[in-house]
Participant: 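Have a look at this one.
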Amino acid sequence: MENKAINVGVLAGKILVEAGSEMWRVEDTTKRIVDHASNNKTEAFTSLTGLLVNLKDTPYTRFMQVEKRGINMNNINSVNDLSRQYAQDKLTLDELEEKLLHLQHKKPQYPLWLQTIGAGFEGAFFMFTFTQTYNWEDFPLAFFAGALGYLVTYYVGSRVKIRFMSEFLGALTVGLCAVIGVRLHLGINVQNIIIGAIMPPLPGVPIINSMRDIFEGNLLSGIERLMESLIILSAIAFGVGLVLRYM
Amino acid sequence: MTLYHFLIQATFSYLGTFTFGLFINLPQKALNSSSLIGMAGWLLYWFIFKLGYGSILGNFMAALLVGILGLFCSIKKKMPTTMFSSGLVPLVPGASSYQALSAFINSETTTAISKTIHVAMVAGAIALGYVTAQMIADLIYKRKNV
C-alpha cells in the first residue's frame, strides 16, 4: 500500500513538473497523495530535473527523473482535481493511478492548427497594444510571421534534442518573415511586426513561475527556471539580432 | 486618447490573452475569465501610463490587480491560481526589449544598457506586484489548495 502510494505520488509530481507548475504545488500534491495513503510524514525534494520522495522511518524512497518540460495548464488543473478527489476518498488509489497514466499520454486539448492560428493572432493583437500604433496594413504580415515562427519553434522543439535551438530558429523565422514581407510591400513597419510576432516563443509563464518559486523559498528550482528562461531570451534576441544586423 | 483607441486597446488585449491561452492549453472553463483579467490589467496599466505616472508604477499596479482578480477567480471556479497568471501576458515589456536589442546592434552601448535596466526593472515590478497579491491573500486566508 505505502509502496504503491509513493509511486502514484511521484507520478503525479512528475506530470506537474512536465506541465510547468510552480514547485510548491508539486510538493504539496505529492505530499497530499502519499500522506493520505500512509499516515506517515512524507518528505519530498522536488526540482525541475527530478523528484525525490521519502517516507520517514520506513525504507520507502522513490526517485523519478523529469526529461521534458513544457507548458500544459490543462494537466496542472486535472492533476490538482484528481489529487483533491483522492484526498476526499472519492477515488481509490488504483483509479487515481489509472487516470494519471491516461493523463500522461493524452494529447493537448487544442489541435496544432488551432494553436498555430492562436499564436499568429496573439502576435497581431499584441502588436497593436505594445507599440500603441494603429496600422491595420501590418496585421496580416504580423499574423503570418507569428504563426510561422510558432510552427518552426514547435517542429524543431519536437524533433531536435538540442535545447534552445528551437527558439533561436523560431525568432530567426519571425525576423526573416518581417523583413522580407516589408521588402515585398506586404507590410510597413518591420519593428512593430517583430515586436508583435515574437510574442509566442517568449517564456512569459516560466519567468513568472521562477519569480514565485524564488519568493516562496524554492531557491533551487527558481534559479534553474530563471536561468533557462534567460538563455531562451538570449536565443531569441540572437535570432532577431542576426536578421536586423545583416538584412 | 479617443474612444476608438480605447476600444482597440480593450478588445485586442482581451483577444491577445485569449489566443495566448490556446497554445498554453488553458482549460476551456478558464479561457474567458483569464482573458478578462488580462484586459483589466492592461487597461489599468494604460490609464496609469497615459496619466503620466510612468511605466514602473503602472506595471506594479496592473500586476497587483491581475493577481487579486486571479485569486478571486481561482476561489470561485475552484481552479489553481496559475490558470489565471496568463493575464500578465499583455504587460510583457516587448517594445522596450526591442529597443534595447536594436541599440545593442547599432553599438549604442549606453542607450542599450539603460534600456536593458529599464526592462529588468519593469519585469521586477510585475513580479513584485503579482507576489504582493499572493501575500495579501495569505494574510487574509490560510492557504489551502488554490
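Side-chain atoms are counted along with the backbone in the values below, which use heavy atoms only and exclude waters and symmetry mates. All chains are named by letter (A, B, ...) in the order of the sequence lines, taking the proteins before the strands, and each is independently numbered beginning at 1.
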Participant: Can you tell which of A:Q109, A:M199, A:M211 has the highest number of heavy-atom pairs within less than 4.5 Å of chain B?
Facilitator: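 Looking at each option in turn, the highest pair count goes to A:Q109.
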
Participant: Verify, without hydrogens or angle tests, whether A:R69 (side chain) and A:A19 (backbone) share a donor-acceptor contact under 3.5 angstrom.
Facilitator: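 Side chain of A:R69 to backbone of A:A19: no pair is present.
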
Participant: At a heavy-atom distance under 4.5 Å, which candidate from A:A124, A:G241, A:G20 has the highest pair count against chain B?
Facilitator: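 Of A:A124, A:G241, A:G20, A:G241 has the most heavy-atom pairs under 4.5 Å with chain B.
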
Participant: Is it true that, when you exclude A:Y155 itself, more than 12 heavy atoms of the residues, nucleotides or ligands shown sit nearer than 6.0 Å to its OH?
Facilitator: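 Not more than 12 within 6.0 Å, no.
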
Participant: Contact part of A:I214 toward chain B, heavy-atom cut-off under 4.5 Å: side chain, backbone, both or neither?
Facilitator: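 For A:I214, no heavy atom lies under 4.5 Å from chain B.
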
Participant: More than 12 non-hydrogen atoms from neighbouring residues, nucleotides or ligands closer than 6.0 Å to OH on A:Y246, yes or no?
Facilitator: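 No, because the 6.0 Å sphere around OH of A:Y246 holds 12 heavy atoms or fewer from other groups.
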
Participant: What is the ring orientation for A:F125 with B:F12, classed by angle as parallel under 30°, tilted 30 to 60°, or perpendicular over 60°?
Facilitator: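 It falls in the perpendicular class, over 60°.
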
Participant: Contact part of A:L114 toward chain B, heavy-atom cut-off under 4.5 Å: side chain, backbone, both or neither?
Facilitator: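 Both parts, heavy atoms under 4.5 Å.
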
Participant: Looking just at side-chain N and O atoms, do B:N32 and B:Y14 make a donor-acceptor pair shorter than 3.5 Å?
Facilitator: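 Looking only at side-chain atoms, B:Y14 and B:N32 do form a donor-acceptor pair, the distance falling under 3.5 Å.
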
Participant: Sort by residue number and list every member of residues 51-64 of chain B having a non-hydrogen atom under 4.5 Å from chain A.
Facilitator: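 Heavy-atom contacts from residues 51-64 of chain B to chain A are absent.
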
Participant: Could you tell me which residues in residues 100-111 of chain B have at least one non-hydrogen atom under 4.5 Å from a non-hydrogen atom of chain A, sorted by residue number?
Facilitator: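 If one takes a 4.5 Å heavy-atom cut-off, the residues of residues 100-111 of chain B near chain A are B:L101, B:I105.
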
Participant: Please walk me through it: do A:R84 and A:R32 pass side-chain contact (heavy atoms from CB on, under 4.5 Å)?
Facilitator: CA-CA 8 Å; A:R84 274 206 239 183; A:R32 182 150 15 91; 4.0 Å; yes

Participant: Please verify the inter-ring angle class for A:F121 with A:F143; under 30° counts as parallel, over 60° as perpendicular, anything in between as tilted.
Facilitator: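 Tilted.
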
Participant: Quick one: which of B:T17, B:I126, B:L128, B:L15 has the most heavy-atom pairs under 4.5 Å with chain A, could you say?
Facilitator: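 It is B:L15.
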
Participant: Measuring heavy-atom distances to chain A, does B:Y130 have an atom under 4.5 Å in its side chain, in its backbone, in both, or in neither?
Facilitator: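 Just the side chain, heavy atoms under 4.5 Å.
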
Participant: Hey, is A:R212 close enough to A:E22 for a salt bridge, meaning N to O under 4.0 Å?
Facilitator: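 Yes, this pair counts.
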
Participant: Given the rule in the side-chain contact (heavy atoms from CB on, under 4.5 Å) test, do B:Q9 and A:Q132 qualify, once you have shown the distances and angles that lead to the verdict?
Facilitator: CA-CA 8 Å; B:Q9 298 290 331; A:Q132 301 282 323; 3.7 Å; yes

Participant: Please classify the contact between A:N192 and chain B as side chain, backbone, both or neither, with a heavy-atom cut-off of under 4.5 Å.
Facilitator: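 Interface part for A:N192: neither.
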
Participant: Using atom types as modelled and distance alone, determine if a side-chain donor or acceptor of A:D138 lies under 3.5 Å from a backbone N or O of A:I188.
Facilitator: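 It does hold such a pair.
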
Participant: Need one label for A:L112: side chain, backbone, both or neither, based on atoms under 4.5 Å from any heavy atom in chain B.
Facilitator: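 The answer is neither part of A:L112.
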
Participant: Over 60° means perpendicular and under 30° means parallel, so classify the ring planes of B:W42 and B:Y45, tilted if in between.
Facilitator: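 If you compare the ring of B:Y45 with that of B:W42, the planes turn out tilted.
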
Participant: Other residues, nucleotides and ligands only: do more than 12 of their heavy atoms fall within 6.0 Å of OH on A:Y110?
Facilitator: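 Counting other residues, nucleotides and ligands, OH of A:Y110 exceeds 12 neighbours.
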
Participant: Of all the heavy-atom pairs spanning B:L22 and A:G118, show the shortest one and how long it is.
Facilitator: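 Where B:L22 meets A:G118 most closely, the heavy atoms are CD1-CA, 4.0 Å.
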
Participant: Which one of B:T82, B:N25, B:V131 has the most heavy-atom pairs closer than 4.5 Å to chain A?
Facilitator: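 Winner by heavy-atom pair count: B:N25.
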
Participant: Just jot down the side chain to side chain contact (heavy atoms under 4.5 Å, CB included) partners of B:K29, sequence neighbours excluded, or say none.
Facilitator: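 Counting only residues at least two positions away or on another chain, B:K29 forms a side chain to side chain contact (heavy atoms under 4.5 Å, CB included) with B:M79.
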
Participant: Going by the angle between their ring planes, with limits at 30° and 60°, are A:Y86 and A:H36 parallel, tilted or perpendicular?
Facilitator: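 Rings of A:Y86 and A:H36: perpendicular, over 60°.
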
Participant: Any side-chain donor-acceptor pair under 3.5 Å between B:Y98 and A:Q191?
Facilitator: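 Distance-only check fails for B:Y98 and A:Q191.
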
Participant: Chain B: which of A:G196, A:S21, A:G204, A:P108 shares the most heavy-atom pairs with it under 4.5 Å?
Facilitator: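 Option with the top pair count is A:P108.
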
Participant: Please report the shortest heavy-atom distance between A:A178 and A:I194, naming the atom on each side.
Facilitator: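 A:A178 and A:I194 have their closest heavy atoms at CB-CG1, 3.6 Å.
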
Participant: With a strict 4.5 Å heavy-atom criterion, list every residue of residues 88-97 of chain B that contacts chain A, or say none.
Facilitator: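 Residues in range: B:L88, B:V89, B:P90, B:V92, B:G94, B:A95.
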
Participant: Given B:F23, which partner from the list A:W113, A:Y150, A:Y154 fulfils the ring pair (Phe, Tyr, Trp, His ring centres under 6.0 Å) test?
Facilitator: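 When A:W113, A:Y150, A:Y154 are each tested with B:F23, the ring pair (Phe, Tyr, Trp, His ring centres under 6.0 Å) holds only for A:Y150.
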
Participant: Of the backbone (N, CA, C, O) and the side chain (C-beta and beyond), which part of A:F126 lies under 4.5 Å from a heavy atom of chain B, both, or neither?
Facilitator: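 For A:F126, the contact with chain B is made by the side chain alone.
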
Participant: Let me know if A:Y134 has heavy atoms under 4.5 Å from chain B in its side chain, its backbone, both or neither.
Facilitator: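 Answer is side chain: those atoms of A:Y134 sit under 4.5 Å from chain B.
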
Participant: Using a 6.0 Å cut-off, check whether atom CZ of B:F49 has over 12 heavy atoms from anything other than its own residue.
Facilitator: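 No, not enclosed.
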
Participant: Tell me, side chain or backbone of A:T131 under 4.5 Å from chain B's heavy atoms, or both, or neither?
Facilitator: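 For A:T131, there is no contact with chain B at all, as no heavy atom is under 4.5 Å.
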
